[in-house]
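This report refers to the structure that appears directly beneath it.
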Amino acid sequence: MVSTSGDVLAGPSILDSFREELLPMADIVTPNLKEASALLGGIPLETVADMRSAAKSIHDIGARNVLVKGGDLAASSDAVDVLFDGKDFYEFRSSRIKTRNTHGTGCTLASSIAAELARGSSLFFAVKTAKRYVETALDYSKDILIGNGCQGPFDHMMKLKNNDMKLSGHRPFDPNDLLLYAVTDPRMNKKWGRSITDAVKAAVEGGATIVQLREKDADTRDFLEAAKSCLEICRRHGVPLLINDRADIALACDADGVHVGQSDMPARVVRTLLGPDKIIGVSCKTPKQAQVAWIEGADYIGCGGVYPTNTKENNITVGLDGLKNVCLASKLPVVAIGGIGISNAQPVMELGVPSLKGVAVVSALFDRESVLRETQNLRRVLLDSITTATAK
């Protein structure tokens, strides 16, 4: 309707057709501020609150989901987009990039969202991925000088030209990080006379690819300080750090994400609190729970217990068959958890389902004299199992 530069691409004569015919057909509409204003009779949109109100009003017209883009919002120092899915609002924020090369950003964002949805991604994940892609391409292309117009193009192929680039300062979630998922346990650390930081340091140096701090009964102040120290260790090694259940701790220490169980805070609420760029995992035992996790914007699921375990009371085991059923049904990457160690990790990793990315372990690492050595040994078993499964 109206380009980023302000050029009118579709006149008032077709607005009724948009409202009455096109919007009710759409899974998602992505108007910029000028377009949203035009759809709603010319009302001014000057604040994020205005954007929220506009998104809801456009949803009421008939669109299933609405993403109002605020790249031109003068009142905001960030580039902020507002998504309304008919129930919840989500704000996607990123730093503004000073460049004239913005031609085609709106078309690219919408096309990227459509491509992600076609791949089976959830709407939330599709929007998050598309926004990150556009932001990264803009940053990469900001100094390109092509043509003499007031706007230039940006380079969609930047990833092919620079494989080492960082995505806007954020390290996006990589499902392969789930390979060796170390979950701490305060009772085991106490048993072996280790601090939580010593345990995390040993696990990371041994080859853990992601770490979760599970400290259910810890004092909040002490837990926060420990989490900050563990985060420093993990960041030095490029390993994501998640907090079990405690979104407040994750926010306070800027951890990489949160893992929640079925009885904890719902994933969609955690997502609203943490924002689009943090990692959210959900424990699931059934295909239905996996489906809900995907709908609510989780990044991965943890499935188990695969085998009996003493780390959780009354934990129902799903076995290898139950794990496989969840993996086959899941649209998210899966990490297996529950009673897994060196002796039984191989059959788990050789299940032959692409969504299964790794194992989460507690006692196999932390209820041992040397966390470093046990982590190294288990990582070796996992990598050998992947090689064997690939050869088959």
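By convention here, the first residue in the shown sequence is residue 1. A quick note: this is a predicted structure, and the numbers were derived from the prediction, not measured.
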(Q) Can you list everything that forms a side chain to side chain donor-acceptor pair (under 3.5 Å) with Asp85? Sequence neighbours excluded, please. (A) none
Q | Pairs satisfying ring pair (Phe, Tyr, Trp, His ring centres under 6.0 Å), at least one member in residues 326-357, at least two apart | A | none
Q) Apart from Val269 itself, what residues make up its hydrophobic cluster when side-chain heavy atoms of I, L, V, M, F, W and Y under 4.5 Å apart count as a link, directly or indirectly? A) Leu251, Val258, Val260, Met265, Val270, Leu273, Leu274, Ile280, Val282
Q.
Show me the pairs that pass ring pair (Phe, Tyr, Trp, His ring centres under 6.0 Å) and involve residues 204-248, at least two apart or across chains.
A. none
Q.
For residues 248-276, which residue pairs pass the ring pair (Phe, Tyr, Trp, His ring centres under 6.0 Å) check, not counting sequence neighbours?
A. His259-Tyr300
Q.
Can you confirm whether the side chains of Arg246 and Thr220 place a donor and an acceptor under 3.5 Å from each other?
A. yes
Q | Nearest atoms (heavy-atom pairs only) where Thr30 meets Ile113 | A | CG2-CD1, 4.1 Å
**Q.** Cationic N near anionic O, under 4.0 Å, Asp72 to Lys34
**A.** yes
Q) Where is the tightest heavy-atom contact between Leu356 and Ala336, given as atom of each residue plus distance? A) CD1-N, 3.9 Å
**Q.** Presence of salt bridge, Asp256 and Arg235, under 4.0 angstrom
**A.** yes
Q: Hey, could you give me each pair passing ring pair (Phe, Tyr, Trp, His ring centres under 6.0 Å) that has a residue in residues 68-115? Not counting sequence neighbours.
A: His59-Phe84, Phe84-Phe89, Tyr90-Phe124, Phe92-Phe124
Q: Please say which of Lys357, Lys278, Lys331, Arg271 ends up in a salt bridge (charged side-chain N to carboxylate O under 4.0 Å, His left out) with Asp299.
A: Arg271
